[in-house]
Amino acid sequence: MPRLGIILHGVTGRMGYNQHLVRSILAIRDRAGITLQSGERLEIDPIIVGRNRDKMEQLAKRHDIARWSTDLDAALADPNDQIFFDAGTTLMRAELIGRALDAGKHVYCEKPISDDLRTAVKLARKARASGLKHGVVQDKLFLPGLRKLALLRDSGFFGKILSVRGEFGYWVFEGDWGVPAQRPSWNYRKKDGGGIILDMLCHWRYVLDNLFGEVKAVSCLGATHIPSRIDEQGRAYDCDTDDGAYATFELEGGIVAHINSSWAVRVRRDDLVTFQVDGTHGSAVAGLTKCWTQHRVNTPKPVWNPDQPQTIDFYRTWDEVPDTQAFDNGFKAQWEMFLRHVAEDGPWPHGLEAGAKGVQLAELGLKSWAERRWLDVPELEL
């Protein structure tokens with residue numbers, strides 16, 4: 001049975017632990033790996049690596065992980081492990097990925113791959129020149145709701161796509177009146193790589209590019225809505241970076257997209273993220289898992305009349321797209337795709353070049369906010 005050893009770094013954090021370790025790597029391990037095109041089973045053998053010895057040991061015991069370490073250099077030097085994965089802090093990621101490439105490891109990582117474009121481009125070029133496999137997490141493309149949007153697009157349901165409207169976010173508690181915050185404090189400190197523009201515009205780049213059309217220009221307004229929060233030790237700290245982003249994008253083909261991202265918004269919509277796509281023949285609204293459609297022949301004809309209550313129940317005029325296939329966890333599905341890419345050169349469109357494009361859009365979004373103007377998105381020379 002072929003084997004892949006995987007070095008997992010940064011899996012004690014919420015996303016790294018839940019989505020990558022437990023729901024992806026361990027889930028794959030516990031079902032005896034994945035089946036390759038040859039019919040063989042590919043076994044995966046993880047080693048978790050982190051700075052805190054007690055955390056690593058406890059995590060290994062809790063999940064029956066045979067190998068753990070606090071020595072990243074030793075892990076990278078072991079020829080029995082072929083893949084390095086990072087879900088740690090943004091500010092450390094580029095340096096860690098560079099070290100892994102130097103050690104001859106295939107690399108896979110969370111986004112953003114860096115907090116500045118120059119470093120991201122340099123890293124993508126290094127990965128390409130190495131001849132090693134490389135990839136960045138593009139998890140939202142694997143969500144059932146967005147996969148249904150792609151199905152509608154491919155079927156011609158929309159006709160000509162006109163616009164995309166996205167709403168993302170929820171209320172992150174400040175931590176000062178009895179309800180603890182559900183996001184880490186570093187998210188709100190610039191020196192630690194925080195900020196919602198850097199975080200979310202990397203996501204919106206690959207969503208827009210892959211589902212609707214390449215991003216050609218951006219206008220972005222950021223905001224620091226909540227100026228002070230309480231950290232994990234119960235101490236007040238100043239928030240010096242953006243917790244809200246309101247961005248408009250011009251896409252290839254004249255499509256207009258607008259996405260609001262906020263950690264200071266209360267949710268009254270179908271999900272924590274929703275995308276509405278309007279076309280000449282039909283419209284759709286997708287969340288994380290569900291998707292609703294309205295064709296032009298089923299579109300109601302409202303008449304503006306502010307003098308009486310609305311008579312149309314607009315929610316009832318949409319039809320849900322049924323689940324015509326089984327959808328696996330999106331992170332796990334992408335992990336399996338990358339593992340096949342490494343093991344048998346399976347298809348893989350999400351290299352570090354895609355990560356660099358995400359950083360480019362985030363950097364342009366921040367610049368647009370600072371300069372209060374539209375900016376073109378040039379093609380990256382990678």
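What's counted below: heavy atoms across the whole structure, side chains too, no hydrogens, waters or symmetry copies. Numbers for residues simply follow the sequence, beginning at 1.
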| field | Qualifying residue for side-chain contact (heavy atoms from CB on, under 4.5 Å) with R67, from N80, L8, D45 | value | D45
| note | With I25 as partner, the option from I48, I6, I65, V11 fulfilling side-chain contact (heavy atoms from CB on, under 4.5 Å) is I6
Could [X] and [Y] be called an ion pair, given the rule that one side-chain N must be under 4.0 Å from one carboxylate O?
X: R183; Y: D199; value: yes
X: E353; Y: K357; value: no
X: R165; Y: D278; value: yes
X: K290; Y: D270; value: no

Drop me the distance from [X]'s [atom1] to [Y]'s [atom2], to the nearest 0.5 angstrom.
X: D115; Y: T90; atom1: CG; atom2: OG1; result: 7.5 Å
X: D154; Y: L149; atom1: CG; atom2: CG; result: 11.0 Å
X: D242; Y: C220; atom1: CG; atom2: SG; result: 7.5 Å
X: T248; Y: W374; atom1: OG1; atom2: CH2; result: 5.5 Å
X: R3; Y: I44; atom1: CZ; atom2: CD1; result: 10.5 Å
X: R93; Y: S114; atom1: CZ; atom2: OG; result: 9.5 Å

| F275 ring center near W204 ring center (under 6.0 Å) | yes
| task | May I have the step-by-step check of salt bridge (Lys or Arg N to Asp or Glu O under 4.0 Å) for K367 and E363, ending in yes or no? | result | CA-CA 6 Å; K367 185 178 181 182; E363 194 168 276; over 6 Å; no
For [X], look at atom [atom1] and say whether over 12 heavy atoms of other residues, nucleotides or ligands are found less than 6.0 Å away.
X: R269; atom1: CZ; answer: yes
X: R62; atom1: CZ; answer: yes
X: E379; atom1: CD; answer: no
X: K216; atom1: NZ; answer: yes
X: R31; atom1: CZ; answer: yes
X: Q37; atom1: CD; answer: no
X: R118; atom1: CZ; answer: no

May I ask you to decide if [Y]'s main-chain N or O and [X]'s side chain share a donor-acceptor pair within less than 3.5 Å?
X: S24; Y: Q19; value: yes
X: R41; Y: A32; value: yes
X: R125; Y: E381; value: yes
X: Q310; Y: I312; value: yes
X: E57; Y: W68; value: no
X: W369; Y: G222; value: yes
X: S261; Y: G244; value: no
X: D231; Y: Q233; value: yes
X: Q360; Y: V377; value: no
X: H258; Y: A247; value: yes

| message | Test ring pair (Phe, Tyr, Trp, His ring centres under 6.0 Å) on Y108 and W335; report intermediate values, then the result. | response | CA-CA 9 Å; Y108 185 46; W335 259 110; 4.7 Å; yes
| field | Sequence neighbours excluded, every pair satisfying side-chain hydrogen bond (donor to acceptor under 3.5 Å, both in side chains) that has a member inside residues 142-153 | value |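 Passing the test, one end in residues 142-153: R147-Q325, K148-D323.
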[Y] and [X], any side-chain heavy atoms less than 4.5 Å apart:
X: F173; Y: W263; answer: no
X: W292; Y: Y315; answer: no
X: H63; Y: L59; answer: yes
X: W318; Y: S283; answer: yes
X: D192; Y: T89; answer: no
X: P300; Y: T311; answer: no
X: H341; Y: H106; answer: no

Do [X] and [Y] have side-chain N/O donor and acceptor atoms under 3.5 Å apart?
X: D86; Y: H9; result: yes
X: Q334; Y: H350; result: no
X: Y206; Y: H203; result: yes
X: E232; Y: S185; result: yes

| remark: For V49, the other hydrophobic cluster members (4.5 Å side-chain criterion, sorted by chain and number) are I7, I47, L72, L76, F84, M92, L96, I97, L101, V107, I113, L117, V121, L123, L132, V136, L352, V359, L380, L382
State which residues pass salt bridge (charged side-chain N to carboxylate O under 4.0 Å, His left out) with [X]; sequence neighbours excluded, sorted by chain then number.
X: D64; value: none
X: D102; value: K126
X: D271; value: none

| query | In the single-linkage hydrophobic clustering (I, L, V, M, F, W, Y; side-chain heavy atoms under 4.5 Å), do I226 and Y170 co-cluster? | reply |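 They do not share one cluster, since no chain of ILVMFWY contacts under 4.5 Å joins I226 to Y170.
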| query | For F157 and H295, what are the C-alpha separation, side-chain angles and deciding distance, and is it a side-chain contact (heavy atoms from CB on, under 4.5 Å)? | reply | CA-CA 8 Å; F157 169 83; H295 195 264; 3.8 Å; yes
| said: Checking D54 now: which residues fulfil side-chain contact (heavy atoms from CB on, under 4.5 Å) with it, not counting sequence neighbours? | reply: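 For D54 the side-chain contact (heavy atoms from CB on, under 4.5 Å) partners, ignoring immediate neighbours, are N52, Q58.
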| task | Dump the intermediate steps for side-chain hydrogen bond (donor to acceptor under 3.5 Å, both in side chains) on Q182 and R14, then the final yes or no. | result | CA-CA 10 Å; Q182 66 269 46; R14 176 179 57 88; over 6 Å; no
